Every structure is written in C-alpha cells, then in structure tokens.
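Here's the structure we're looking at; comments come further down.
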Amino acid sequence: MNTYHNLLIEQKDQIGIITINRPKQLNALNKQTIDELHNAFTNLNKEKAVRVIIITGSGSKAFVAGADIKEFMHFNAEQGKELATTGQAILFDLVENLETPVIAAINGFALGGGLELALASHIRIASDKAKMGLPEVSLGVIPGYGGTQRLAQIIGKGRAMDLILSASMIDAQKALSYGLVTQVVPPEMLMETAYKKAQKLMRNSPQAQALAIKAVNAAYTKTGFEVEKELFGQAFTTADFEEGTKAFIERRTPEFKGI
Ligand code: CAA
C-alpha cells in the first residue's frame, strides 16, 4: 500500500482520480511529488478495475504552477539536465504512453511543468478560470519537461513559439481556440465534466484505446526531447538563470544581462 504525502488518490466507478495536493506551493512539482506521481500513475495503470485516470490540482487557484523553482534554483548544468531527463522518463513520457487514457482537469494555473503535465495527458479539459503558459524564459531557463515539443505538436509551431518566447499566459477560451484544451466549463462543473468524459471513454474497448494511444504517439520522434534536455541543462550555466530564479523568490522583475 502506497502512502502519498503530496497526492490524494480516489477510485470510483472504474475511474482513478489523482489530485496533486500542495496548495500552498500552488501544487508545484518538487522531486517527491514527481516520484509519487510516477507511483500513482504506474499503480492505477496496472489496476484492471481502473479504466480512465483523471489528474487535477487541489484548491481553486492552481492545477500546477510548474516545476519547483526553489528546489532547482541552485542546480548546475549537469543537475539541470538530470532533472529534465529523470522527470521526462518517470513522469511525462510515462503519462503520454500510458495504456489507460488520462484526462487533465485543469482547475487553475497550469504553468511550466504544470502545463507540460497537461500536455502529456491524452485529453485536456479546463475551468474557465484556468490560465496556461510556459513562462520559463522569464526565469532564464527553458521548458524542460517536454513543453518545447508537445506544445508545438498540439497548437502548432507558430503559436508555441509566441507563447514560449513571450512567456505569456493565455486564458481558457484562448486555449480552446488554439486546440490546447477541448472543453471549457465553469469551475464547479470541471470534475463532473471530466467524470462524464471518462464514462464516455469507458464505453469503448480498453485494448483498442491502448493501441490507439500507441499509434497516435508513434507519429512523433524523440530527437527534439533529447535536444530539450541538453539545452535545459545549458540554461543553468547562465547568469540570467541565476538572476531569473532569484528575482522570482524576491518578487521583483528580473534584470537580464544576456550572459
Ligand atoms: N515553484 C516553487 N514555488 C512556487 C511556484 C513554483 N513553480 N509557483 C508558486 N510558488 C509558490 C510561491 O513562491 C509562493 O510561496 P510563498 O508563499 O512561500 O512565498 C506560493 O507558491 C504562492 O505563489 P505566489 O505568492 O507567487 O502567488 P501569486 O498569486 O502572486 O502568483 C503565479 C501566482 C503567477 C502562478 C506565480 O506563483 C508564478 O509565477 N509562479 C511560477 C510560475 C512559473 O514560472 N512556472 C515555471 C516553473 S519552471 C519549470 O516548470 C521548468 C520546467 O519546465 C522543468
């Protein structure tokens, strides 16, 4: 029996619900949460009784506000690359390639690693209060959990470049118009809507769904993800990275010198 410190797990009507539960840190993904998510997804995927998994965040403010900046701000290039490599392997690639369909119910901020977790999920539904973006370059780093690849795959290179380079957040309606999410509902309807979608998926063959996930994913090569890991690590060698993460903690605008 697994004990989770940062997750709540429910199992109801053949639906597994994982709630990331670090609301004071806006559900930021620290190492422990990533390890726990790995275990939770792996275990629920093994359960024959679980046909669909819903992932969401606790509280009304955030789905996940990103990787935990406080945890990695003093990392060097090697540790940065290792963070991206391990995270991608044990969580983001795992979710994308899971046989059991995964629905991300985006209840609030989905930023950086948070949006990347939603992007790795098979279906995304958002509350109309949700805000999404990859703000990493405002910290002097780049998305490292597959965001440079999956965002472009899902919304197209032009929109992805705009969002990534401007570090902008978009609201749920814009995300819907981009095809980043497929449904937007009022916050109080979010879990019910995700639940109904899960029940709809459950009418179909689980074997065929697992094969379909594999077939859809087969279109995308892994080369870009390798480049992303390398460049994520490279960003950790810059003075801009030190300044960007320090400015976040000090709640001020960073002064980037481009070095
Ligand atoms: N990591 C660590 N802590 C975080 C966090 C993060 N990603 N996001 C929020 N928090 C913490 C804040 O530091 C704050 O903690 P304290 O109360 O101890 O100071 C708490 O959560 C509440 O956050 P705020 O006070 O900042 O809340 P706000 O309403 O003023 O702002 C926000 C909300 C706009 C989401 C803001 O918190 C924010 O910009 N967060 C960071 C978003 C971000 O840059 N994400 C990308 C992370 S890097 C990444 O994900 C790399 C990767 O791809 C691998």
Side-chain angles (χ1 to χ4, degrees), residues 6 20-35 37-38 57-93 95-96 106-120 126-127 129-152 160 163-172 224-236 238 240-254 256:
N6 297 332
I20 302 174
N21 190 31
R22 294 183 81 209
K24 282 193 187 138
Q25 292 81 19
L26 306 189
N27 303 321
L29 297 176
N30 62 351
K31 181 180 182 311
Q32 186 182 8
T33 308
I34 290 195
D35 288 343
L37 282 166
H38 169 83
S58 74
S60 54
K61 194 165 170 182
F63 173 70
V64 171
D68 193 315
I69 298 164
K70 292 162 194 168
E71 202 175 60
F72 69 63
M73 62 183 292
H74 300 299
F75 280 9
N76 61 28
E78 202 181 316
Q79 290 169 309
K81 186 178 173 190
E82 175 58 29
L83 181 81
T85 304
T86 307
Q88 288 194 27
I90 72 170
L91 181 58
F92 298 83
D93 292 352
V95 170
E96 180 169 59
I106 305 171
N107 53 306
F109 287 114
L111 301 175
L115 181 58
E116 290 171 303
L117 183 58
L119 291 168
S127 133
K129 297 277 182 300
K131 293 232 161 35
M132 285 157 256
L134 293 178
E136 282 87 345
V137 298
S138 70
L139 296 165
V141 69
I142 66 168
Y145 287 148
T148 62
Q149 306 303 299
R150 293 191 184 99
L151 187 65
L163 271 187
I164 292 169
L165 298 182
S166 62
S168 319
M169 280 185 220
I170 54 170
D171 63 20
F225 291 85
E226 295 310 315
V227 173
E228 184 192 83
K229 287 171 200 167
E230 195 63 43
L231 298 179
F232 182 75
Q234 202 172 305
F236 282 62
T238 64
D240 278 357
F241 169 70
E242 203 180 324
E243 166 63 7
T245 50
K246 201 157 164 261
F248 174 73
I249 301 299
E250 293 170 3
R251 296 176 178 274
R252 61 172 174 81
T253 307
F256 291 124

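Counting convention: from 1, in listed order, for ligands and their atoms alike. Everything numeric here is computed off the predicted structure, so don't read it as measured data.
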**Request:** Output the list of atoms in ligand 1 that are nearer than 4.0 Å to some heavy atom of Gly112, sorted by atom number.
**Result:** 46 (C), 50 (O)
**Request:** Could you list the atoms of ligand 1 found under 4.0 angstrom from a heavy atom of Pro143?
**Result:** 53 (O)
**Item:** Shortest reach to atom 36 (C) of ligand 1 by a heavy atom, considering only Phe109, Phe248, Tyr145
**Value:** Phe248
**Message:** Are Leu119 and Tyr145 packed together at the side-chain level, in the sense that at least one heavy-atom pair is separated by less than 4.5 angstrom?
**Reply:** no
**Message:** Could you tell me, atom by atom, which parts of ligand 1 come under 4.0 Å of a heavy atom of Phe232?
**Reply:** 54 (C)
**Request:** Considering only non-hydrogen protein atoms, determine which one is nearest to atom 8 (N) of ligand 1 and report residue, atom name and distance to 0.1 Å.
**Result:** Ala65 CB, 3.5 Å
**Complete:** protein heavy-atom neighbour closest to atom 25 (O) of ligand 1 works out as Arg251 NH2, 2.9 Å
**atom 13 (O) of ligand 1 touched by protein heavy atom at under 4.0 Å** = yes
**Complete:** Min over Arg22, Glu136, Met169, Gln25 of heavy-atom distance to atom 52 (C) of ligand 1 lands on Glu136
**Message:** A side-chain contact here means heavy atoms from C-beta on lying under 4.5 Å apart; do Lys129 and Ser60 qualify?
**Reply:** no
**Prompt:** Of the backbone atoms (N, CA, C, O) and the side-chain heavy atoms from C-beta on, which set of Phe72 has a member under 4.0 Å from an atom of ligand 1: side chain, backbone, both, or neither?
**Reply:** side chain
**Request:** Identify, by atom number and element, the atoms of ligand 1 in contact range of Asp68, meaning under 4.0 Å from any of its heavy atoms.
**Result:** 1 (N), 2 (C)
**Message:** Any nitrogen or oxygen of Leu139, side chain or backbone, less than 3.5 Å from one on ligand 1?
**Reply:** no
**Protein contact of atom 1 (N) of ligand 1 - nearest heavy atom, named by residue and atom, plus distance** = Ile69 N, 3.0 Å
**Prompt:** Using the ring of each side chain (for Trp, its six-membered ring), is Phe72 parallel, tilted or perpendicular to Phe236, with breaks at 30° and 60°?
**Reply:** tilted
**Prompt:** Is there a side-chain contact between Leu139 and Phe241, using heavy atoms and a 4.5 Å cut-off?
**Reply:** no
**Heavy-atom nearest neighbour in the protein, as seen from atom 27 (O) of ligand 1, with distance rounded to 0.1 Å** = Lys61 NZ, 3.4 Å
**Prompt:** Is there a heavy atom of Glu71 sitting under 4.0 angstrom from any atom of ligand 1?
**Reply:** no
**Message:** So, 4.0 Å and heavy atoms of Lys131: is ligand 1 close enough to count as a contact?
**Reply:** no
**Message:** Could you identify the single nearest non-hydrogen protein atom to atom 47 (C) of ligand 1 and state the distance to 0.1 Å?
**Reply:** Ala67 O, 3.7 Å
**Message:** When you compare the side chain of Gln25 with that of Lys70, does any pair of heavy atoms fall below 4.5 Å?
**Reply:** no
**Prompt:** Is the closest basic N to carboxylate O distance between Glu250 and Lys246 below 4.0 Å?
**Reply:** yes
**Prompt:** ligand 1 versus Ala28, non-hydrogen atoms closer than 4.0 Å: side chain, backbone, both, neither?
**Reply:** side chain
**Message:** Phe109 vs Met169, test: side chain to side chain contact (heavy atoms under 4.5 Å, CB included). Steps then yes/no.
**Reply:** CA-CA 9 Å; Phe109 287 114; Met169 280 185 220; 3.7 Å; yes
**Request:** Taking the side chain as every heavy atom from C-beta outward, state whether Asn30 and Arg22 have any pair of such atoms under 4.5 Å apart.
**Result:** yes
**Message:** Looking at every non-hydrogen atom in both residues, tell me the closest pair between Ala126 and Ala172 and how far apart they are.
**Reply:** CB-CB, 4.3 Å
**Message:** Could you tell me, atom by atom, which parts of ligand 1 come under 4.0 Å of a heavy atom of Leu111?
**Reply:** 35 (C), 42 (C)
**From Gln88, Glu228, Met73, Lys70 - option closest to atom 16 (P) of ligand 1 by heavy atom** = Lys70
**Message:** For atom 9 (C) of ligand 1, what is the closest protein heavy atom, and at what distance to 0.1 Å?
**Reply:** Leu26 CD1, 3.8 Å
**Request:** Heavy atoms only: give me the nearest Ile164-Val137 pair and the separation to one decimal.
**Result:** O-CG2, 3.2 Å
**Message:** Could you check whether atom CD of Glu243 has more than 12 heavy atoms from other residues, nucleotides or ligands sitting under 6.0 Å from it?
**Reply:** yes
**Asked** Of the protein's non-hydrogen atoms, which lies at the shortest distance from atom 20 (C) of ligand 1, and what is that distance?
**Response** Lys24 O, 3.3 Å
**Asked** Are Leu29 and Ile20 close enough that some pair of their side-chain heavy atoms sits under 4.5 Å apart?
**Response** yes
**Request:** Count the heavy atoms of every other residue, nucleotide or ligand shown that sit under 6.0 Å from CD of Glu78, and state whether that count exceeds 12.
**Result:** no
**Request:** Taking only heavy atoms of Glu116 into account, list the atoms of ligand 1 that are under 4.0 Å away from them.
**Result:** 52 (C), 53 (O)
